Amino acid sequence: MSKKNKPPRPEPESLALPPCGVDSHAHLDMVEFDTDRVELMERALSSGVARTGNVFLGPEAYRMNRAMFADRPEIFFILGVHPGNADQCPPEAVEAMRQAFRTDPRLRAVGEIGLDFYWDDHPRELQERVFRAQLALARELGLPPVIHCRDAFDDTIRVLKDEGFSGRKLLWHCFGGDEDQAGIILGHGWHVSIPGPVSYARNEALHRAVAAIPLERMLLETDCPYLSAEPWRGKRNHPALLGFTAQAVARIKGMPVDALWRATGDNAVEFFGLTKSPSFQEDHA
Ligand SMILES: [Zn+2]
(Lines give C-alpha, C1' and ligand atoms only; values in the text may rest on other atoms or scores of the structure.)
Protein backbone atom coordinates (compact mmCIF):
# COMPACT_ATOMS: atom_id res chain seq x y z
CA MET A 1 0.00 0.00 0.00
CA SER A 2 1.41 3.39 -0.90
CA LYS A 3 1.89 5.94 1.82
CA LYS A 4 -0.85 8.11 0.35
CA ASN A 5 -3.51 5.41 0.76
CA LYS A 6 -2.62 4.47 4.32
CA PRO A 7 -5.63 4.95 6.59
CA PRO A 8 -5.10 7.74 9.14
CA ARG A 9 -4.00 6.68 12.61
CA PRO A 10 -6.85 6.61 15.10
CA GLU A 11 -6.82 9.54 17.51
CA PRO A 12 -6.92 8.71 21.25
CA GLU A 13 -10.28 10.44 21.75
CA SER A 14 -11.81 7.74 19.54
CA LEU A 15 -11.07 5.13 22.22
CA ALA A 16 -13.74 6.82 24.39
CA LEU A 17 -12.14 5.71 27.66
CA PRO A 18 -13.74 6.70 30.98
CA PRO A 19 -12.09 9.65 32.79
CA CYS A 20 -10.17 7.57 35.33
CA GLY A 21 -6.86 6.70 33.65
CA VAL A 22 -3.49 7.72 35.10
CA ASP A 23 -0.24 8.25 33.20
CA SER A 24 2.24 7.38 35.94
CA HIS A 25 5.31 8.76 34.14
CA ALA A 26 5.58 11.68 31.70
CA HIS A 27 8.20 14.32 30.89
CA LEU A 28 5.86 17.16 29.96
CA ASP A 29 8.38 19.79 31.05
CA MET A 30 10.79 18.84 28.26
CA VAL A 31 11.41 21.19 25.33
CA GLU A 32 9.61 18.75 23.01
CA PHE A 33 6.36 20.14 24.44
CA ASP A 34 7.18 23.84 24.42
CA THR A 35 4.90 24.63 21.50
CA ASP A 36 1.74 22.75 22.51
CA ARG A 37 2.00 21.69 26.18
CA VAL A 38 -1.36 23.15 27.26
CA GLU A 39 -3.16 21.73 24.23
CA LEU A 40 -1.76 18.24 24.97
CA MET A 41 -2.72 18.44 28.66
CA GLU A 42 -6.27 19.25 27.50
CA ARG A 43 -6.19 16.33 25.08
CA ALA A 44 -5.11 14.01 27.89
CA LEU A 45 -8.20 15.00 29.88
CA SER A 46 -10.51 14.56 26.91
CA SER A 47 -8.97 11.12 26.26
CA GLY A 48 -9.71 9.79 29.74
CA VAL A 49 -6.31 10.47 31.32
CA ALA A 50 -7.48 12.10 34.55
CA ARG A 51 -4.06 12.41 36.22
CA THR A 52 -0.49 12.58 34.91
CA GLY A 53 2.73 12.28 36.90
CA ASN A 54 5.35 14.69 35.60
CA VAL A 55 8.88 13.51 36.28
CA PHE A 56 11.38 16.30 36.91
CA LEU A 57 14.94 15.13 36.19
CA GLY A 58 16.55 16.83 39.19
CA PRO A 59 16.08 19.87 41.45
CA GLU A 60 17.10 22.36 38.76
CA ALA A 61 14.42 21.11 36.33
CA TYR A 62 11.89 21.23 39.16
CA ARG A 63 12.82 24.81 40.07
CA MET A 64 12.83 26.02 36.46
CA ASN A 65 9.76 24.18 35.16
CA ARG A 66 7.18 23.58 37.88
CA ALA A 67 5.41 26.87 37.03
CA MET A 68 4.36 25.21 33.73
CA PHE A 69 1.81 23.29 35.81
CA ALA A 70 0.75 26.07 38.18
CA ASP A 71 -2.88 25.91 37.06
CA ARG A 72 -3.01 22.21 36.13
CA PRO A 73 -4.15 20.38 39.28
CA GLU A 74 -4.37 17.07 37.39
CA ILE A 75 -0.58 16.97 37.11
CA PHE A 76 1.25 15.53 40.11
CA PHE A 77 5.02 15.52 40.52
CA ILE A 78 7.88 13.05 40.77
CA LEU A 79 11.40 14.34 41.39
CA GLY A 80 14.82 12.71 41.34
CA VAL A 81 18.24 12.71 39.71
CA HIS A 82 18.33 10.24 36.80
CA PRO A 83 21.41 7.97 36.62
CA GLY A 84 22.26 9.66 33.31
CA ASN A 85 22.84 12.83 35.36
CA ALA A 86 24.71 11.14 38.19
CA ASP A 87 27.37 13.84 38.07
CA GLN A 88 24.72 16.42 39.04
CA CYS A 89 23.82 15.10 42.46
CA PRO A 90 26.10 16.62 45.08
CA PRO A 91 24.83 16.81 48.70
CA GLU A 92 23.40 20.29 47.96
CA ALA A 93 21.15 18.79 45.27
CA VAL A 94 19.84 16.19 47.72
CA GLU A 95 19.22 18.97 50.24
CA ALA A 96 17.37 21.05 47.62
CA MET A 97 15.15 18.04 46.88
CA ARG A 98 14.55 17.43 50.60
CA GLN A 99 13.31 21.02 50.98
CA ALA A 100 11.13 20.70 47.86
CA PHE A 101 9.51 17.48 49.09
CA ARG A 102 8.86 19.01 52.50
CA THR A 103 7.13 22.08 51.11
CA ASP A 104 5.31 20.93 47.95
CA PRO A 105 2.50 18.41 48.49
CA ARG A 106 2.25 17.83 44.74
CA LEU A 107 5.55 15.89 44.93
CA ARG A 108 4.45 12.27 45.42
CA ALA A 109 7.52 10.09 44.77
CA VAL A 110 11.32 10.12 44.46
CA GLY A 111 12.34 9.29 40.91
CA GLU A 112 13.31 8.42 38.44
CA ILE A 113 16.38 7.05 40.19
CA GLY A 114 18.42 3.91 39.57
CA LEU A 115 21.18 2.48 37.39
CA ASP A 116 21.74 2.73 33.64
CA PHE A 117 24.56 0.60 32.25
CA TYR A 118 23.24 0.89 28.69
CA TRP A 119 24.32 4.48 28.14
CA ASP A 120 26.99 4.07 30.81
CA ASP A 121 27.54 7.86 30.81
CA HIS A 122 28.88 7.86 34.34
CA PRO A 123 31.01 5.47 36.39
CA ARG A 124 28.92 2.70 37.93
CA GLU A 125 30.21 3.49 41.42
CA LEU A 126 29.01 7.07 41.08
CA GLN A 127 25.59 5.95 39.79
CA GLU A 128 25.24 3.59 42.72
CA ARG A 129 26.23 6.25 45.26
CA VAL A 130 23.68 8.72 43.83
CA PHE A 131 21.02 5.98 43.74
CA ARG A 132 21.65 5.07 47.39
CA ALA A 133 21.59 8.71 48.54
CA GLN A 134 18.16 9.17 46.96
CA LEU A 135 16.81 5.89 48.31
CA ALA A 136 17.82 7.18 51.74
CA LEU A 137 15.91 10.39 51.01
CA ALA A 138 12.81 8.43 49.97
CA ARG A 139 13.01 6.39 53.18
CA GLU A 140 13.43 9.51 55.29
CA LEU A 141 10.47 11.23 53.61
CA GLY A 142 8.26 8.13 53.68
CA LEU A 143 7.68 8.44 49.93
CA PRO A 144 7.99 5.62 47.38
CA PRO A 145 10.86 5.53 44.87
CA VAL A 146 10.30 5.25 41.11
CA ILE A 147 13.05 3.10 39.63
CA HIS A 148 14.86 3.52 36.31
CA CYS A 149 16.85 0.41 35.38
CA ARG A 150 18.51 -0.27 32.07
CA ASP A 151 20.89 -3.19 31.51
CA ALA A 152 21.50 -3.23 35.26
CA PHE A 153 18.85 -5.57 36.63
CA ASP A 154 20.94 -7.62 39.08
CA ASP A 155 22.77 -4.59 40.47
CA THR A 156 19.54 -2.63 40.89
CA ILE A 157 17.96 -5.51 42.82
CA ARG A 158 21.11 -5.86 44.94
CA VAL A 159 21.09 -2.17 45.92
CA LEU A 160 17.35 -2.12 46.64
CA LYS A 161 17.62 -5.19 48.88
CA ASP A 162 20.68 -3.76 50.59
CA GLU A 163 18.85 -0.46 51.26
CA GLY A 164 15.94 -2.33 52.83
CA PHE A 165 13.34 -1.75 50.10
CA SER A 166 12.21 -5.36 49.79
CA GLY A 167 8.58 -5.36 50.90
CA ARG A 168 8.32 -1.54 50.74
CA LYS A 169 6.22 0.48 48.34
CA LEU A 170 8.16 0.95 45.10
CA LEU A 171 7.37 1.42 41.39
CA TRP A 172 9.48 -0.23 38.69
CA HIS A 173 9.13 2.28 35.84
CA CYS A 174 9.12 1.40 32.13
CA PHE A 175 9.21 -2.35 32.58
CA GLY A 176 10.60 -4.09 29.50
CA GLY A 177 11.82 -7.35 30.93
CA ASP A 178 10.74 -10.95 30.82
CA GLU A 179 8.68 -13.20 33.06
CA ASP A 180 11.63 -14.06 35.32
CA GLN A 181 12.43 -10.41 35.99
CA ALA A 182 8.76 -9.62 36.59
CA GLY A 183 8.63 -12.51 39.05
CA ILE A 184 11.60 -11.12 41.01
CA ILE A 185 10.08 -7.61 41.14
CA LEU A 186 6.70 -8.94 42.22
CA GLY A 187 8.38 -11.21 44.76
CA HIS A 188 9.67 -8.11 46.57
CA GLY A 189 6.12 -6.74 46.71
CA TRP A 190 6.74 -3.94 44.20
CA HIS A 191 4.52 -2.37 41.52
CA VAL A 192 5.32 -2.42 37.80
CA SER A 193 4.59 0.32 35.27
CA ILE A 194 4.02 -0.77 31.66
CA PRO A 195 5.03 1.50 28.74
CA GLY A 196 4.06 1.71 25.05
CA PRO A 197 6.43 -0.97 23.67
CA VAL A 198 4.05 -3.60 25.11
CA SER A 199 2.06 -2.86 21.94
CA TYR A 200 4.90 -3.92 19.61
CA ALA A 201 4.17 -7.27 18.01
CA ARG A 202 7.71 -8.63 18.37
CA ASN A 203 8.03 -8.03 22.14
CA GLU A 204 6.88 -11.55 22.94
CA ALA A 205 8.85 -11.95 26.18
CA LEU A 206 7.28 -8.73 27.47
CA HIS A 207 3.83 -9.96 26.42
CA ARG A 208 4.33 -13.13 28.45
CA ALA A 209 5.57 -11.10 31.42
CA VAL A 210 2.56 -8.76 31.27
CA ALA A 211 0.23 -11.76 31.08
CA ALA A 212 1.78 -12.97 34.35
CA ILE A 213 1.76 -9.67 36.26
CA PRO A 214 -1.33 -9.47 38.49
CA LEU A 215 -3.58 -6.56 37.61
CA GLU A 216 -3.44 -5.16 41.14
CA ARG A 217 0.31 -4.54 40.84
CA MET A 218 0.16 -2.84 37.44
CA LEU A 219 0.29 0.81 36.42
CA LEU A 220 0.52 2.34 32.93
CA GLU A 221 2.81 5.08 31.65
CA THR A 222 3.77 6.90 28.48
CA ASP A 223 7.33 7.99 29.43
CA CYS A 224 6.56 10.68 26.85
CA PRO A 225 7.98 12.16 24.66
CA TYR A 226 9.53 8.70 24.14
CA LEU A 227 8.18 5.21 23.44
CA SER A 228 4.83 5.80 21.73
CA ALA A 229 2.51 2.82 21.54
CA GLU A 230 1.26 1.48 18.23
CA PRO A 231 -0.22 2.91 16.04
CA TRP A 232 1.81 6.02 16.95
CA ARG A 233 5.15 4.24 17.21
CA GLY A 234 7.99 6.50 16.07
CA LYS A 235 5.98 9.69 16.61
CA ARG A 236 6.29 11.97 19.61
CA ASN A 237 4.48 10.43 22.57
CA HIS A 238 2.14 12.37 24.87
CA PRO A 239 -0.21 11.42 27.74
CA ALA A 240 -3.37 11.16 25.62
CA LEU A 241 -1.78 8.22 23.77
CA LEU A 242 -1.80 6.14 27.00
CA GLY A 243 -5.07 4.55 25.89
CA PHE A 244 -3.28 2.63 23.14
CA THR A 245 -1.00 1.06 25.74
CA ALA A 246 -4.09 0.14 27.75
CA GLN A 247 -5.59 -1.44 24.63
CA ALA A 248 -2.51 -3.62 24.11
CA VAL A 249 -2.39 -4.71 27.76
CA ALA A 250 -6.13 -5.45 27.79
CA ARG A 251 -5.69 -7.65 24.72
CA ILE A 252 -2.90 -9.60 26.45
CA LYS A 253 -4.96 -9.92 29.63
CA GLY A 254 -8.10 -10.90 27.68
CA MET A 255 -10.21 -8.28 29.41
CA PRO A 256 -12.21 -5.21 28.37
CA VAL A 257 -10.04 -2.12 27.99
CA ASP A 258 -12.38 -0.03 30.17
CA ALA A 259 -11.89 -2.38 33.12
CA LEU A 260 -8.11 -2.42 32.63
CA TRP A 261 -8.12 1.38 32.40
CA ARG A 262 -10.10 1.75 35.61
CA ALA A 263 -8.04 -0.81 37.56
CA THR A 264 -4.62 0.58 36.59
CA GLY A 265 -5.87 4.14 37.23
CA ASP A 266 -7.10 3.14 40.69
CA ASN A 267 -3.74 1.47 41.38
CA ALA A 268 -1.91 4.71 40.52
CA VAL A 269 -4.25 6.80 42.69
CA GLU A 270 -3.58 4.46 45.58
CA PHE A 271 0.16 4.12 44.93
CA PHE A 272 0.85 7.88 44.78
CA GLY A 273 -1.77 8.74 47.41
CA LEU A 274 -3.72 10.95 45.02
CA THR A 275 -7.15 12.37 45.55
CA LYS A 276 -9.76 11.22 43.04
CA SER A 277 -10.63 14.78 42.11
CA PRO A 278 -7.37 16.61 41.54
CA SER A 279 -6.22 19.25 43.96
CA PHE A 280 -3.00 21.04 44.75
CA GLN A 281 -3.21 19.87 48.36
CA GLU A 282 -2.69 16.13 48.04
CA ASP A 283 -2.41 14.67 51.49
CA HIS A 284 1.14 13.72 52.45
CA ALA A 285 -0.17 10.70 54.39
ZN1 LIG B 1 11.34 8.85 32.38
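All of these numbers come straight from a predicted model, not from anything done at the bench. Order of listing sets the numbers, starting from 1, for every ligand and every atom in it. In this chain, numbering begins with 1 at the start of the sequence shown.
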Check: Is the cationic atom of Arg108 (NZ for Lys, CZ for Arg) positioned less than 6.0 Å from the six-membered ring centroid of Phe272 and within 45 degrees of its normal?
Finding: no

Margin query: Please report, to 10°, the angle around the Zn ion (ligand 1) from atom NE2 (His25) across to atom OD1 (Asp223).
Written below: 90°

Check: Checking Arg37 against Phe33: charged group under 6.0 Å from the ring centre and within 45 degrees of the axis?
Finding: no

Note to self: Would you say the Zn ion (ligand 1) has His173 as a near neighbour, meaning an N/O/S atom of that residue under 2.8 Å away?
What the structure shows: no

Check: Any N/O/S of His27 under 2.8 Å from the Zn ion (ligand 1)?
Finding: yes

Notebook entry, point to check: Do you know which N/O/S atom name in Glu112 is closest to the Zn ion (ligand 1)?
Noted result: OE2

Note to self: For Phe271 and Trp190, I'd like to know if the aromatic rings sit close, meaning centre-to-centre distance below 6.0 Å.
What the structure shows: no

Notebook entry, point to check: How about Asp29 and Asn54: does a side-chain donor come under 3.5 Å of a side-chain acceptor?
Noted result: yes

